[in-house]
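Taking it in order: structure first as structure tokens, then the write-up.
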Amino acid sequence: MQTERDYYEFWEKSWNDEDVDDLSRWLEGWDRSTDDELELLKSLGVKRVCDAACGFGAHTLAFASNGFDVSAFDVSSRAVELTTAGLRKYGHFSVEVKTAEITDTGYADGSFDAAAAYAVLDHLTEADARRALNELFRITKADGYVLLSFDSAEEEDYLCPHELLPDGSMLYKDDTPRAGMLFRPCGDELISTLTDGYRVIHRRMNRKGDRIVLLQR
């Protein structure tokens, strides 16, 4: 069974293996970048946002450079270092970035107007994805929002050697570059099941085929 420690070990290795110069160049495109979801959050009066499982901080930078009061966390300490360095490069020195698990963030109840988790829940088991969604709503205020995106599945995702878990998650094997990574392809039906009980404010599919939903309690 996948555990929090397994998630940590894969993502810590993954971020340590990344080329810092490549990430820095990629980050440039996120400074002051916006999209339908950021504009929608602005229109809804959202000011304080949590970027959950922030990776190298691309979305964190987008939030910060668009005037949101953002905090971020990731299970990988290396990701936290990368995010912090990237934010400082663009003059954002006051953003809080910390190491934490998405199922146990450590924030107080109702700390944020909204929380965002880009391509995160589809890299958790079904049970942990539900726990994570509950946690994201716990740290948002009573009428707050949770923004989620889900990666589109590609042929390589299915061809790369993996073990199929009972919930449909693919756990990649030790003899592949993805060793230890978990991916659970989420189509419309699975997303609807996961988000049942929440109000869907916004839903779209982007050019890559990734699915995006904005939820409210």
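We use all heavy atoms of the structure for the numbers below, so side chains are in, but hydrogens, waters and symmetry mates are not. Just so we're clear, the structure is a prediction, and the values are computed from it rather than from any experiment.
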- prompt: Going by the angle between their ring planes, with limits at 30° and 60°, are His59 and Trp30 parallel, tilted or perpendicular?
  reply: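 Geometry flag for Trp30 against His59: perpendicular rings.
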_For His162 and Tyr172, take the angle between the two ring planes, folded into 0 to 90°, and tell me which bin it lands in: parallel under 30, tilted 30 to 60, perpendicular over 60._
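Ring orientation, 0 to 90° scale: perpendicular.
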Could you tell me whether a side-chain N or O of [X] sits under 3.5 Å from a main-chain N or O of [Y], the two making a donor and an acceptor?
X: Thr125; Y: Asp128; answer: yes
X: Ser24; Y: Gly86; answer: no
X: Asp74; Y: Val80; answer: no

Is the closest basic N to carboxylate O distance between [X] and [Y] below 4.0 Å?
X: Arg204; Y: Glu37; result: yes
X: Arg48; Y: Asp113; result: no
X: Arg130; Y: Glu126; result: yes
X: Glu81; Y: Arg78; result: yes

query = Atom OG1 of Thr34 and atom CG of Asn66: how far apart are they, to the nearest 0.5 Å?
reply =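 Rounded to the nearest 0.5 Å, the OG1-CG separation comes out at 4.5 Å.
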- Task: Sort and list the pairs that fulfil salt bridge (Lys or Arg N to Asp or Glu O under 4.0 Å) and have at least one residue in residues 169-183, not counting sequence neighbours.
- Result: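 Listed by first then second residue: Glu156-Arg178, Asp157-Arg178.
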Once ring-ring contact (aromatic ring centres under 6.0 Å, His included) is applied, do any residues pair with Tyr145, and if so which ones, sequence neighbours excluded?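 Testing Tyr145 for ring-ring contact (aromatic ring centres under 6.0 Å, His included), a comparison that skips the adjacent residues, returns none.
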### Query
Among Thr103, Thr99, Thr105, whose side-chain contact (heavy atoms from CB on, under 4.5 Å) with Glu101 holds?
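Single side-chain contact (heavy atoms from CB on, under 4.5 Å) partner of Glu101 among Thr103, Thr99, Thr105: Thr103.
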Report task. Measure across Ser169 and Asp167 and return the closest heavy-atom pair with its distance rounded to 0.1 Å. Result ->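 That would be OG-OD1, 2.7 Å.
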- Item | Considering all heavy atoms, the nearest Leu121-Leu194 contact |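 Leu121 and Leu194 have their closest heavy atoms at CD1-CD2, 3.9 Å.
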